[in-house]
Structure formats: structure tokens, C-alpha cells
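Order of the sequence lines sets the chain letters (A, B, ...), proteins ahead of strands, with each chain counted from 1. Because the structure is a prediction, the values reported are computed rather than measured.
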Amino acid sequence: MASVDRKAVAAVLEDIAAMLELKGSNAFKVKAYENGARAILAFPGDLHAAVASGELKKVPGIGPSLFSNIESLVTTGSLPYHEELRAQFPPGLRECLRIPGVGARKVKQLHDALGIDSIEALERICLEGKLAGVKGFGARSAEKILRGIAMLRATAGLHYYTRARRRADEVLDLLQRTGLAARLQVAGSLRRRKEIVRDLDFVAASGRPEELGRAFRDLPWVDEVTADGPTKTSVRFADGMAADLRVVSDEDFPAALQYFTGSQEHNTQLRARAKKMRMKLNEYGLFRADSPEERVPAASEADLYRALGLDYIEPELREGLGEIEAAEHGELPRLVSEEDLEGVIHVHTTESDGRDSLEVMVEAAREVGYSYAAITDHSKTAGYAGGLNEERVLAQREAIRALRQRTPGFRIFHGTEADILADGSIDYGDEFLANFDLVVASVHSRFGLPRAEQTARLVKAIRNPRVAVLGHPTGRLLLSREGLDADVEAVIDAAAESGCALEINGSPERLDLDWRHCRRAVEKGVLFSIDPDAHATREYSYVSLGVGIARKGWVTPQSTLNAKTADELEAWLIKRRGGSLPDL
DNA sequence: GCCGTTTTCGGCCCGACTGTTTTCAGTCG
């Protein structure tokens, strides 16, 4: 049987949606396929099993038709309906949909009028000045499309959260200094703490919108102004990042902030709810449906949610994945926050590939406010990272013993980030692992193993009682490397069963485990270790990125390993390994 | 194509901006 994972299924559904759009099908049918793709990506269980049992039919957004399509895909590896559609459209035509500012209607029109069937053909027509003849396209259309093509090629416009956050803070600072904004906040996916951000959204309350808009256009990084209306200004910075500013009245601000925080899907559901309750929600406020002039008073986002019969929903949760239902029933979790963290796990020093010494890393952890740190340098297999052989481990143990004497009131756990070998065993061997207080086990090699082998490898490591934490579980690198191919659901089940914690690695390029997987794991009782993977003192700040991902994944303090106190962690470690920690 | 405490048929979120138009369709979020 062909192995079709959820990403592949979602990609097919998205492809179908794109082609239905090109066909000019009912927009809601298109939407249904897009929603289906999202639902599959977010579906936490085993897709094959859910198809076999029919459980998938119960997932919102998967109706009879989508179910049978998905069933065909996972059981036979292909879908005739998809093939039929593909045969009708050249692949280049679907590529054209990715150009910003170019949608299905325009692509279809250009295909019909000029036979354009690829981005290259479209570019040529624009350059040759042959576009303006087509009805609906004028002199400026070609220019705009060419810019869109350039943009698409440049970066695909995606940015790490950290980079976007830094730029957003700079923008907020400069706009704040103008004194033109009574209220000013960043919204959008950045506020929702998505790991990857496409553009920045700012919302302001101001009595002088034109001046504020001008200040926005005049920001030092602005390369191009892409939209410029009385309430909305869009720019692109020289580094390719796009940013929007919306200016509203003070009274409208809460609704505007809510609206521009999104996500699209969350807002769609929220508006449908408002409508059902005979109200109307838009970016200016909440109104009575039968008397549109009558505003439902709301001084804050919390007021808006309350008026809709909902508990306040934290921005991180607003992904349209059941948070509204949970808020309705008072079942939202108390999300973990940085204040809940008692200690830091997964810390490197100069002994392997860190840039600061043991003493400096420990002191910095104490200054951050932690009451313990688990030092986890690389293991012997990681020669490229200066990994420690057994002899050096024992020497480090002595160094830590000595440092403990000089660091009263602060607990130092001696750990390792040990390599999981291809067969799932840990490179030091189980016996030697007993020398550590805490073992983080990670995959650093053989990413290409077949799925079944890769899964078995991770499960074996998780079931090893010496292993406390599975480090960066999928090994992905955002924007550059797919994670290893493993059955995450099986990994989660193994963690739940054995009690091994899964890491939420806060390194900006990792943010692994992905938040989409966390929620199901939390429900199953899995513990998470929210770690910086720090290679220098300043990288302790990565913990806050990990916390953002944990919050998106509905992780609570109770589900967080390093929200335990030092004593609790020690007790947990002893229980996990079924024996005492090394006598130090 | 999906969905149901108005409904198994008839809805499906809503508005700003652009570029082309003289009243609007397309795109985006």
C-alpha cells in the first residue's frame, strides 16, 4: 500500500481547491476543500486508522465527499478526481496562483485570452506590453504582476518569528515616539506567536490617522508603499518583509485588534457565531443585527468575547482549532507562562560546542531567576560538536560537584544531550548513562531512515528509562529542513505510556516539537520540557520562544517538566529511572 | 462540498484597497 501521509493528503486537497477555482466552481466548494486540507493537517490521530474506522467522518469539515476522496488517497495512493482535474490544467497555470495580487479569475481570463499557461509566459506578456489589451487589465497591471513575480521569487516572503519580532518592536518604538497613537499594538500571526511570519500587522487608535499613516510610510526601512488609504497603509521593507498599519478610532480599537490578530479561520468562526446570536462582528465593533447602529459595548477584547458568550481566548490559541467551543464551555486550559518555569534544561557549555563556560552559564541561569539548571553537553558521537567521551564526562562531573559547593541555593543537574543511534540505542550505553542526573536524547544523524525504522528508533529511545527528555523530536529546521519522517502519533503514545518528556526546543530555527502536535500529547498526559538548547547565555531567551509554541499547543504548567521545582524534578527523575541519582 | 437549538435546503464572514472602471470585480486578509 502506498504511504500517503497527512501532508500529502492536504496538498492534494489544496491542489483540487486551486483547480476548482480555476474552473470557476462554486466558491464555497473551493472553500470546503481548503478547509478539508486544514482539518487534515490539524488532525492529531493516525490518519490511516481514522479512515479505516470511519472516525475521520466526525472531523468538522470532512463530509461524505471529502471522506471518500481521502479514503481513496490513503488506501490506493491516488485519487481519480484529482487526476481528472490535473489533466485539465497545465501545472504552470496553478503556479500562477501563487503570484501576489493574481487570483484564479485573472489567471483564467489570461489563459482564455492569451493562452498564458505559466509564470514565465505571463512574465513575457507583461514585459512585451501585450497585457493592456485584455479587458480588465490596464497600463499598471503588467507592472504590478511583474512586481508580484519578483516578490514570489525573492523569498516566498517568510520570516522567522524572532526576526519579525525584532522588526516589529523597532516599528512600535518609532511609531510610539510620534505621539500620534493613543493605542498601538502588533497583531496578526506575530501576536499569535506563529513560528513563521509572513508579514507584520499593526493596529493603532488615533485621532490623526493621516499623520500616523505618513509616519508609517516614512519608516527608515520602507522600500515601497504598496497600499495607501485613509485607514490602511501597507509597505514593504527593504529586506522583503511586508507590514500593514490599520488606524481606527479609540472606540473601535478592541474590535480592530481582535480582527487583525486573526487567524482568518478563528475570525470566520467567531463571526458566524455572532451572526447566529443575531449580532454582527466586524473590525469596527460588535453590533445588533436588527439595529446595526447599536453597538454592543466592549472596551477590550475580553469584553467582545464575553458578549459572544465566550471566555477570553489567548491570541496563541486563535487558530480555529476548537478554541471557540472550549471557550464556550469554560474548558480553555490555563496556559503555561515563563513565570511558571522553575529551571532550565538543555544547556551547552564550552566543554562541547557552547560559547560560555559552565560557571558563566550557571551564573546566568541564576540571574534569569531559575532555581536549577541541567547542563547537557554533547555526547561522544557528536565529534563535530566537541562531544564528551566517558573520561571527560567524569571530569565534568567533578567540576559540577565543585561548582555546587560554591553555588548554594541553586541546583545543578549533570546531564547530557546524548545521540540516539540509528537503532534507537543511546551512544554512551545504558550502563554509563547511570552517571548522569538527566539525559536528553536527540537525533543528530540518519535523518533519511524509512518511516517505520525512524519511528521504532524514537520509540525505543523514549522507552529507555535512562532517557528523561526526547530532544527536538522531529529534527526539523524551519525554512530549510523537513523533520525526520516518523509517526509522531506513535512517538506521542510512547511518551505517554513510558513517561518520557518531549522537548519543545525553543531555538528559533527549530521550535520542535511543533505546536500542532502538542495538544493531543497534552491530552494524553505527556510532559513537555521547554528548553532553550542554549549555546551561550543570551540564548536563554529562546525559552520564551518555546513557551510561545507550548501555549499554542495548549500546554499547561502541569504538563511542563521544568515547571517542577528542583525537588520535584529530582523526585521525578528518580521515579523515571527507578533508582536514585548518582551520588554527588 | 459542508452543515443544522431558525434549517436536510439554502445558506456559507466581512470590509478595504486597487485598478479598472463611471458602478464594480478581483484580491487580500
Side-chain angles (χ1 to χ4, degrees), chain A residues 13 16-17 20-21 23-39 57-70 81 96-110 131-145 147-148 157 187-189 192 197-201 203 209 213 225-234 242-248 252 255-256 258-287 289 292 308-309 318 320 324 328:
Chain A
L13 297 181
I16 291 173
L20 289 175
E21 227 182 337
K23 269 176 82 117
S25 301
N26 181 320
F28 296 109
K29 183 171 172 177
V30 174
K31 191 86 185 159
Y33 275 94
E34 287 172 350
N35 285 341
R38 281 185 63 258
K57 284 180 194 162
K58 292 188 214 141
V59 173
I62 308 294
S65 185
L66 261 69
F67 179 82
S68 101
N69 285 346
I70 294 164
Y81 178 50
C96 289
L97 291 175
R98 295 173 53 218
I99 303 169
V102 178
R105 309 303 275 266
K106 285 185 185 171
V107 169
K108 187 173 180 343
Q109 200 176 351
L110 291 171
L131 193 70
V134 185
K135 182 169 156 45
F137 292 85
R140 304 172 76 173
S141 300
E143 198 186 318
K144 191 180 171 190
I145 289 173
R147 275 207 312 273
S189 54
R192 300 201 313 278
V197 173
R198 190 176 286 278
D199 53 18
L200 305 178
D201 293 290
V203 181
V225 177
T226 50
D228 183 17
T231 69
K232 177 185 169 183
T233 307
S234 301
D244 287 341
L245 171 70
R246 298 288 293 238
V247 186
V248 298
D252 295 343
Q258 192 288 317
Y259 176 78
F260 291 111
T261 296
S263 63
Q264 187 82 13
E265 195 50 39
H266 176 85
N267 284 355
T268 300
Q269 293 175 16
L270 205 60
R271 286 172 179 218
R273 181 180 175 84
K275 191 167 179 174
K276 203 181 289 178
M277 295 174 75
R278 305 202 54 74
M279 290 186 270
K280 185 177 78 163
L281 181 65
N282 60 27
E283 57 259 61
Y284 300 110
L286 185 62
F287 303 90
L308 292 167
R318 301 181 196 170
I324 292 178
E328 178 178 7

Using a heavy-atom cut-off of under 4.0 Å over every strand shown, decide if [X] touches base, sugar-phosphate, or nothing.
X         : answer
Val102(A) : sugar-phosphate
Thr231(A) : sugar-phosphate
Ile145(A) : nothing
Ala104(A) : sugar-phosphate

Taking the same atom, [atom1], in [N] and in [M], what whole-Å distance lies between them?
N       : M       : atom1 : result
dT6(B)  : dC12(B) : C1'   : 15 Å
dT8(B)  : dC14(B) : C1'   : 27 Å
dG11(B) : dA16(B) : P     : 25 Å
dG29(B) : dT23(B) : C1'   : 24 Å
dT20(B) : dC13(B) : P     : 30 Å

Q | Under 4.0 Å protein heavy-atom contact, by nucleotide of nucleotides 20-25 of chain B - B base, S sugar-phosphate only | A | S-----
To the nearest Å, how far apart are [X] [atom1] and [N] [atom2]?
X         : N       : atom1 : atom2 : value
Leu245(A) : dA16(B) : CG    : P     : 15 Å
Arg318(A) : dG29(B) : CZ    : C1'   : 16 Å
Asp199(A) : dT27(B) : CG    : P     : 19 Å
Asn35(A)  : dC3(B)  : CG    : C1'   : 12 Å
Arg273(A) : dT6(B)  : CZ    : C1'   : 16 Å
Phe67(A)  : dC2(B)  : CZ    : P     : 12 Å
Asp244(A) : dA16(B) : CG    : P     : 14 Å
Lys106(A) : dT18(B) : NZ    : P     : 13 Å

[X]: which residues meet the side-chain hydrogen bond (donor to acceptor under 3.5 Å, both in side chains) condition with it, sequence neighbours left out?
X         : result
Thr261(A) : Arg191(A)
Asn69(A)  : Tyr33(A)
Asp228(A) : Arg217(A)

Q | Partner residues of Asp252(A) under the salt bridge (charged side-chain N to carboxylate O under 4.0 Å, His left out) criterion, sequence neighbours left out | A |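 Applying salt bridge (charged side-chain N to carboxylate O under 4.0 Å, His left out) to Asp252(A) gives Arg295(A).
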Q | Listed partners of Glu283(A) passing salt bridge (charged side-chain N to carboxylate O under 4.0 Å, His left out), at least two apart | A |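 Result, salt bridge (charged side-chain N to carboxylate O under 4.0 Å, His left out) vs Glu283(A): Arg246(A), Arg271(A).
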Q: Name the residue closer to the 5' end of DNA chain B, choosing between Val107(A) and Thr233(A) according to the nucleotide with the nearest heavy atom.
A: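 Whichever sits nearer the 5' end wins; that is Thr233(A).
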Q.
Taking salt bridge (Lys or Arg N to Asp or Glu O under 4.0 Å) as the cut-off, I'd like each qualifying pair that reaches into residues 99-110 of chain A, sequence neighbours left out, listed once.
A.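 Listed by first then second residue: Lys108(A)-Asp112(A).
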Q: Spell out, as yes or no, whether a donor-acceptor pair under 3.5 Å connects the side chain of Gln109(A) to the backbone of Lys135(A).
A: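 Judged by distance alone, yes, a pair lies under 3.5 Å.
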**Q.** Sidechain-backbone polar pair: Ser189(A) side chain, Arg192(A) backbone, donor-acceptor under 3.5 Å
**A.**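 No, because the side chain of Ser189(A) does not come within donor-acceptor range (under 3.5 Å) of the backbone of Arg192(A).
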Nucleotides 8-15 of chain B: which of its N/O atoms have a protein N/O under 3.5 Å away?
unit_1	atom_1	unit_2	atom_2	d
dC12(B)	OP1	Lys275(A)	NZ	2.2
dC13(B)	O2	Arg271(A)	NE	3.2
dC13(B)	O2	Arg271(A)	NH1	2.7
dC13(B)	N4	Gln264(A)	NE2	3.0
dC14(B)	O4'	Arg271(A)	NH1	2.3
dG15(B)	OP1	Lys280(A)	NZ	3.1

Q) For dT7(B), is chi within 90° of 0 (syn) or not (anti)? A)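 dT7(B): syn.
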Q: Please name all residues satisfying side chain to side chain contact (heavy atoms under 4.5 Å, CB included) with Lys276(A), sequence neighbours left out, ordered by chain then number.
A: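 Lys276(A) satisfies side chain to side chain contact (heavy atoms under 4.5 Å, CB included) with no other residue.
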**Q.** Side chain to side chain, Val107(A) and Val102(A), heavy atoms closer than 4.5 Å
**A.**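 Side chain of Val107(A) against side chain of Val102(A), heavy atoms only: contact under 4.5 Å found.
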(Q) With a 3.5 Å limit on both atom pairs, tell me what dA16(B) is paired to, counting Watson-Crick and G-U wobble, or say none. (A)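 dA16(B) is paired, partner dT27(B).
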